[in-house]
Engineer: 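A single structure is presented below for examination.
Here is the naming used below: chain letters follow the sequence lines, and residue numbers restart at 1 for every chain. Just so it is clear, the values below take in all heavy atoms, side chains as well, and ignore hydrogens, waters and symmetry mates.
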2 protein chains.
Amino acid sequence: MVKFTSKDVARVAGVAQSTVSYVLTGKRSISEDTRRRVQEAIDQLTYQPNAGARALASQRTSVIGLMVPFSPGIDTAGQLPFIETIASLARAHDYDVLLVTADEGADGLRRLSGRSLTDAIILMDVQVEDERIPLAASLSVPVVLIGIPADSSGLQCVDVDFELAAKLSVEEMVAAQHDRVLFVGYPAELERRQLNYIPRFNASAVAAARRHGLTLEFISPVEPGRTAAREVVARLLPDFGKERLGLVISNSQTMQPILNALIAHGIVPGRDVSVIAHCTDEVAQEAEPPVTNVSLEPREVSRRAIETVFRLLDSKRSRPKEIVDLVPSRLTRRSTVMPPPKGA
Amino acid sequence: MVKFTSKDVARVAGVAQSTVSYVLTGKRSISEDTRRRVQEAIDQLTYQPNAGARALASQRTSVIGLMVPFSPGIDTAGQLPFIETIASLARAHDYDVLLVTADEGADGLRRLSGRSLTDAIILMDVQVEDERIPLAASLSVPVVLIGIPADSSGLQCVDVDFELAAKLSVEEMVAAQHDRVLFVGYPAELERRQLNYIPRFNASAVAAARRHGLTLEFISPVEPGRTAAREVVARLLPDFGKERLGLVISNSQTMQPILNALIAHGIVPGRDVSVIAHCTDEVAQEAEPPVTNVSLEPREVSRRAIETVFRLLDSKRSRPKEIVDLVPSRLTRRSTVMPPPKGA
DNA sequence: TTGTAAGCGTTATCAA
DNA sequence: TTGATAACGCTTACAA
């Protein structure tokens, strides 16, 4: 397969090479006749501009770097909606996505920026103390964070509103008049990684509980999978029936195993215990049984991240002030929360 | 952040610009003294070569294109191990990964190749009749397929050995002396997409069953999620206990819902029914209950795909003959298959 | 409205 | 072992 250049197109169309470029970029007004001849030549040769040459001349790559938290023990399923949405929306803006894994760390960022591989970078799964953050703020390409670091100065952040999610969960438990609410926490691997949403979620839960005079307990860490779930449920076994017990399951991956473990002991969510999970609506709907949830909105988070990227790319140099953009959760009732007691 | 070029490095090191290039690429022998001075200048300026310029001059991008089957209704969780493995292994070879979604179709391939965005392309989830295939074979960049199209001429394919997986499943059911084996099939969306592994899996199952005089039934399509699973189990309900029934669950996503539905009816896998699933070992191990499985090996498939990519990149021009590389499944017993009857 | 030509930052050839 | 220098294929002033 021979590859043609804009010079070839120019020759066929009988114009200057620069005219071909101007037809393509639209940065100059072109007579209708010329435009047509050039376009015909382009079609005839199935010409496409060379990306490297374009990047070199224009200082723009039309590529967005996406650093994803692939590493052992990560919530594998939860990442895909982010990646998918970012890839699709980037293309809608005529950008491509270069995928790098978080295990490259700060060096990865240095590489993307230093080699001018991308015009902007999106960082997923930012940690509280994250070596990439101070670097990110000093790069020549704009960086948008998904997640919130301890110090986000100079950077744009987008994240799920974990505070709201925790608050909604607690309030729903309060409304259903529970004596005791347990927060079933995150896998040790996630806690170790200092994802700041964990303290945000928990602190907000504590605050909301205090406001309503509710006692809160935290079980943590809890691994995903059946074994850990069975242990958690076994530990609670003596208390079911004695009191109105509510479980808030913080992590998507531990939800179904916990439900299974409950059911295995004949404990029916919505009758013998209340369960609220923090997960996407799709996951909640397809759970067994469908579980009342406060939503995660990975697609909306991604949409806003991409939007922020393009805002930054547009407003070259006039760096907009940093913001933390939180996507609110909605609570959807699916009958795993017990109705308030008869007497009420 | 100022960006330095190899010219700057040359000035600082007191050498010609081309010498800097040669130090970096190692395509020329350099005196130890010069190399050191250049390296010091590089370190001092934290110089990194511009990717676009490099691609333009060298005709190599050091980027691999990965086309992934993101689209509504796809097995979201199952894709990630592929993507992750490919991204990591590419980096190990000093390549980056450009992610494009399959909804771009053949145009996406044309773009990657035509604009010289990538040195090679990996196509995931190839369909039987796939508009991208004839195009792929004619591109100037090598293409490796994950999945097998109707006509793979001129292309390298890597895939899970679905035939073997089906055969192992049937043989295990035969060994446990089942009267009747049901294959619980794939979601309609997957069947519609003409993924060739579906007929491969099913045909192999039929052939193996015939060899052993076993009757096979197929339930298909079966959507993922609780609703469809409950329907399937409800339909079978009259037959449990009357005969030795075996279920082979073809699709990872329908497995847990089916298990849940069985358990909800008091039907215990491994005692009242046999279940074998085709899924990764991780998923099988964490299922409730842990399920006997024939393995999917997404990481091994990805590893071989990347290996093939680099083989093709090395053997420029001397295009190796096309191959279909199948990754074998292993059967792992986890007690969801009933022991053979006492009398035996 | 169009053409000419100077870069962009590398690689790689040709001399030395 | 090293230095000049001509590509690489585009974008974008500067002229016309």
Engineer: Rounded to whole angstrom units, what separation is found between the CZ atom of A:Arg11 and the C1' atom of D:dG9?
Structural biologist: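 Answer to the nearest Å: 14 Å.
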Engineer: How close or far is atom C1' of D:dC10 from atom NZ of A:Lys3, stated in whole angstroms?
Structural biologist: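 Those two atoms, NZ and C1', are 15 Å apart.
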Engineer: Going by side-chain contact (heavy atoms from CB on, under 4.5 Å), B:Val38 matches just one of B:Val12, B:Leu24, B:Ile30, B:Val23. Which one?
Structural biologist: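 Exactly one pass, corresponding to B:Val23.
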Engineer: Within the structure shown, what part of the strands sits under 4.0 Å from B:Gln48 by heavy-atom distance: base, sugar-phosphate, or nothing?
Structural biologist: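 Since only primed, P, OP1 and OP2 atoms lie under 4.0 Å of B:Gln48, the category is sugar-phosphate.
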Engineer: Which comes earlier along DNA chain D counting from the 5' end, the contact point of B:Leu56 or that of B:Thr34, where each point is its nearest nucleotide?
Structural biologist: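 The residue mapped nearer the 5' terminus is B:Thr34.
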Engineer: Output one letter per nucleotide in nucleotides 11-16 of chain D: B when a protein non-hydrogen atom lies under 4.0 Å from the base, S when only the sugar-phosphate is that close, - when neither is.
Structural biologist: BBBB--
Engineer: Could you tell me whether the side chains of B:Ser21 and B:Ser18 share a donor-acceptor contact shorter than 3.5 Å?
Structural biologist: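 Distance-only check fails for B:Ser21 and B:Ser18.
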Engineer: Is a side-chain donor-acceptor pair under 3.5 Å present for A:Ser88 with A:Thr85?
Structural biologist: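 Per modelled atom types, A:Thr85 and A:Ser88 side chains form no pair under 3.5 Å.
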Engineer: Could you check how far CD of B:Gln59 sits from C1' of D:dC10, rounded to whole Å?
Structural biologist: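 Those two atoms, CD and C1', are 13 Å apart.
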Engineer: Rounded to whole angstrom units, what separation is found between the CG atom of A:Asp8 and the C1' atom of D:dC8?
Structural biologist: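 It is 13 Å, rounded to the nearest whole Å.
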Engineer: Using only heavy-atom distances, determine whether the side chains of A:Tyr95 and A:Arg60 contain a donor-acceptor pair under 3.5 Å.
Structural biologist: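 Yes, side-chain donor-acceptor contact under 3.5 Å.
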Engineer: Roughly, in whole Å, what's the span from CG in B:Leu45 to P in C:dG9?
Structural biologist: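 Rounded to the whole Å, the gap is 14 Å.
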Engineer: Using a cut-off of less than 4.0 Å, is there contact between a side-chain N or O of A:Ser29 and OP1 or OP2 of C:dT1?
Structural biologist: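 The answer is yes; a side-chain N or O of A:Ser29 sits under 4.0 Å from OP1 or OP2.
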Engineer: In whole angstrom, what separates B:Lys7's NZ from D:dT5's C1'?
Structural biologist: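 That distance rounds to 12 Å.
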Engineer: So, B:Gln156 and B:Thr308: side-chain donor and acceptor under 3.5 Å apart, yes or no?
Structural biologist: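 There is no such pair between these side chains.
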Engineer: Please determine whether a side-chain nitrogen of the Lys or Arg among B:Arg37 and B:Asp33 lies less than 4.0 Å from a carboxylate oxygen of the Asp or Glu.
Structural biologist: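 A salt bridge links B:Arg37 with B:Asp33.
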